[in-house]
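Taking it in order: structure first as C-alpha cells, then the write-up.
Reckoned from all heavy atoms, side chains included, excluding hydrogens, waters and symmetry mates. Keep in mind the model is a prediction, meaning the values are calculated, not measured.
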Protein chains: 2
Amino acid sequence: MKYTEAKEELIQAWGNLGYSWGLNKTMAQIHALLMISTKPLSTEEIMQELAISRGNANMNIRALLDWGIVSRISIPGERKEYFKSEKDVWSLARQVARERRKRELEPILKVLREVSEVSNDGSEETKELRKVVKELKGFAEKSDNLLETFIKAEESWFWNSIIKLLK
Amino acid sequence: MKYTEAKEELIQAWGNLGYSWGLNKTMAQIHALLMISTKPLSTEEIMQELAISRGNANMNIRALLDWGIVSRISIPGERKEYFKSEKDVWSLARQVARERRKRELEPILKVLREVSEVSNDGSEETKELRKVVKELKGFAEKSDNLLETFIKAEESWFWNSIIKLLK
DNA sequence: CGAAACTTTCAGGTTTTATTGAAACACAAT
DNA sequence: ATTGTGTTTCAATAAAACCTGAAAGTTTCG
C-alpha cells in the first residue's frame with residue numbers, strides 16, 4: 001500500500017471511529033491529520049488537505065482544543081497559528097475519558113440521584129422504578145470509579161493490572 | 001418527587017445516555033420505558049406513552065431486538081405482541097459492549113491492519129505514519145481483549161477484580 | 001493611525017437522520 | 001373468500017446536524 005492511500009484510509013477510518021467516540025467526523029479527521037503529520041499544521045493547510053471551508057476548519061479546531069486533545073503552537077517569527085495533536089495514544093484515551101465522564105456520566109448520575117428520591121407510595125410501579133434506579137445507580141457509580149482510576153492511572157501500572165485480569 | 005415526574009425524568013435522561021452509547025434517542029426511550037415497566041408492553045402502549053407514531057415505534061423496537069436487549073413476548077390467547085427488556089444492568093452492558101465491539105472496534109482494527117502494511121519508502125511521513133498506526137493498533141488490540149474479557153466475564157468475578165484495582 | 005495578516009462569527013444553505021401516516025401485508029377466525 | 005386484528009414497509013416530510021463564505025473582529029507592525 002502506498003503512503004497517500006494509507007493516509008486517506010486512516011483519516012477516513014479515524015473519522016468514523018471518532019464519531020463513535022462522541023466527536024464529529026470532521027473533528028476526528030482533523031485530528032487524524034494532525035496525528036500523522038510530522039509537523040504542526042496551520043488552518044490553511046488543514047483546510048486544503050481535507051477540502052473544507054475556513055469556518056468549518058476553525059470551528060472544529062476549536063472543538064478539539066476544547067476537548068484538550070489538540071494544542072496551539074506559535075512558531076517564532078510567524079503570525080499564523082499552528083496546531084499539533086497530543087500523539088500519545090494513552091493520554092489521548094485518558095483525555096477523551098475525562099471529557100466523556102464530565103459530559104455524559106455525570107449528568108446521568110445527577111438524574112439518578114434525584115430520581116432515586118421518588119416517594120415510595122407502595123405501588124408496584126414505584127417499587128419497580130426504585131429498584132431499577134438503584135441498580136442503575138450502582139452500575140453508574142462503579143463505572144465512574146473505574147473511569148476515574150483509568151484517568152489517573154499510569155499507563156504501565158494500568159495495563160499490567162489489566163493484563164493480569166486477562167489471564 | 002412524584003412517580004410520574006421521576007418516570008419522565010428517567011426516560012429523558014436515559015434517552016440522552018443511550019444516545020451516547022450509540023443507540024438513538026427514541027430507541028433509548030423505549031428501552032427506558034420497558035426497564036421500569038412492571039409488565040411487557042405492546043406497540044400500542046409504547047406509542048401512547050412516548051407519543052410517537054406506529055412506524056417509528058415499530059422500527060425502533062426492531063432495532064432494539066436487533067441489538068438483543070429487548071425481546072418479544074406473546075401472551076397466550078392474545079394476538080398482540082408484547083415486548084420486555086432485559087433488566088439486568090450487567091447483561092445489558094455486556095450486550096451493548098458486544099455490539100459496539102462488532103460495529104466499531106472491529107472495522108477500525110481491520111483498517112489499522114491493512115494500513116500498517118504501508119510500504120516503508122524511508123520518508124519522514126511514512127515513518128511517522130507507521131509509528132502512529134503501530135501504536136493505535138496496539139491500543140485497539142488491548143481494548144479489544146479487555147472488551148472480550150468483559151463480555152465473557154461473570155459479574156462477580158469481574159467486579160471483584162476491578163475493585164481490587166481501585167484500591 | 002492605517003493597512004495587512006490572520007481569526008472568529010453567523011445567517012443561510014446543504015446533507016443527513018429521524019418521523020409520520022397511509023398503504024400493503026400477514027394471518028386467524030368465520 | 002371475507003373480515004377483523006395486528007404488523008411491516010416506505011415515500012414524503014420534518015427536524016437536526018453540519019458546512020460555507022463573506023463580513024466583522026482582532027492583532028501586529030510600519
Let me have the donor-acceptor pairs involving side chains of residues 146-153 of chain B, under 3.5 Å, with sequence neighbours excluded, atom names and distances please.
residue, atom, partner, partner atom, Å
Glu148(B), OE2, Lys152(B), NZ, 2.7
Thr149(B), OG1, Asn145(B), O, 2.9

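- Separating the CD1 atom of Ile61(B) from the C1' atom of dG6(D) is a distance of 13 Å, rounded to the nearest angstrom.
- Residues Leu136(B) and Ile108(B) are not in side-chain contact: their nearest non-hydrogen atoms beyond the backbone lie 4.5 Å or more apart.
- Between the CG atom of Leu64(A) and the CZ atom of Arg72(A) there is a distance of 11.5 Å, given to the nearest 0.5 Å.
- Around the CD atom of Glu78(A), the shell of radius 6.0 Å holds more than 12 heavy atoms that belong to other residues, nucleotides or ligands.
- With sequence neighbours excluded, no residue forms a side-chain hydrogen bond (donor to acceptor under 3.5 Å, both in side chains) with Glu106(A).
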Short heteroatom pairs, N/O only, protein and nucleotides 27-30 of chain D, under 3.5 Å:
residue, atom, partner, partner atom, Å
dT27(D), O2, Arg79(A), NH2, 3.0

I'd like a list of close polar pairs between nucleotides 14-21 of chain D and the protein, N/O only, cut-off under 3.5 Å.
residue, atom, partner, partner atom, Å
dC19(D), OP1, Thr26(A), OG1, 2.5
dC19(D), OP2, Thr26(A), OG1, 3.4
dC19(D), OP2, Asn56(A), OD1, 3.4
dT20(D), OP2, Ser53(A), N, 2.7
dT20(D), OP2, Ser53(A), OG, 3.1
dT20(D), OP2, Asn56(A), ND2, 3.1

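- In this structure, Lys131(B) and Glu128(B) have side chains that are in contact, with non-hydrogen atoms separated by less than 4.5 Å.
- In this structure Thr43(A) satisfies the side-chain hydrogen bond (donor to acceptor under 3.5 Å, both in side chains) test with no other residue, sequence neighbours excluded.
- Applying the side-chain hydrogen bond (donor to acceptor under 3.5 Å, both in side chains) test to Ser123(B) and every residue at least two apart in sequence or in another chain returns Asp121(B), Thr126(B).
- Connectivity analysis of hydrophobic side chains (ILVMFWY, heavy atoms under 4.5 Å, direct or indirect) links Ile75(A) to Ile73(A), Tyr82(A).
- Here chain A contacts DNA chain C (any atom closer than 4.0 Å to a heavy atom, that is under 4.0 Å), and the contacts span dA5(C) to dC10(C) from 5' to 3'.
- Legend: residues meeting salt bridge (charged side-chain N to carboxylate O under 4.0 Å, His left out) with Glu125(B), ordered by chain and number and at least two apart, are absent.
- Across residues 31-47 of chain B, not one residue has a non-hydrogen atom less than 4.0 Å from an atom of DNA chain D.
- Taking atom CG on Asn58(A) and atom P on dT26(D), their separation rounds to 14 Å, with Å as the unit.
- A 6.0 Å sphere centred on NZ of Lys25(A) holds no more than 12 heavy atoms belonging to other residues, nucleotides or ligands.
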With a 3.5 Å cut-off and sequence neighbours excluded, list the donor-acceptor pairs that the side chains of residues 29-39 of chain A form with protein atoms.
residue, atom, partner, partner atom, Å
His31(A), ND1, Trp14(A), NE1, 3.0
His31(A), NE2, Ser85(A), OG, 3.1
Ser37(A), OG, Lys39(A), N, 3.1
Ser37(A), OG, Lys39(A), O, 2.4
Lys39(A), NZ, Glu45(A), OE2, 3.4

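- Checked against salt bridge (charged side-chain N to carboxylate O under 4.0 Å, His left out), Asp66(B) has no partners two or more places apart in sequence or in another chain.
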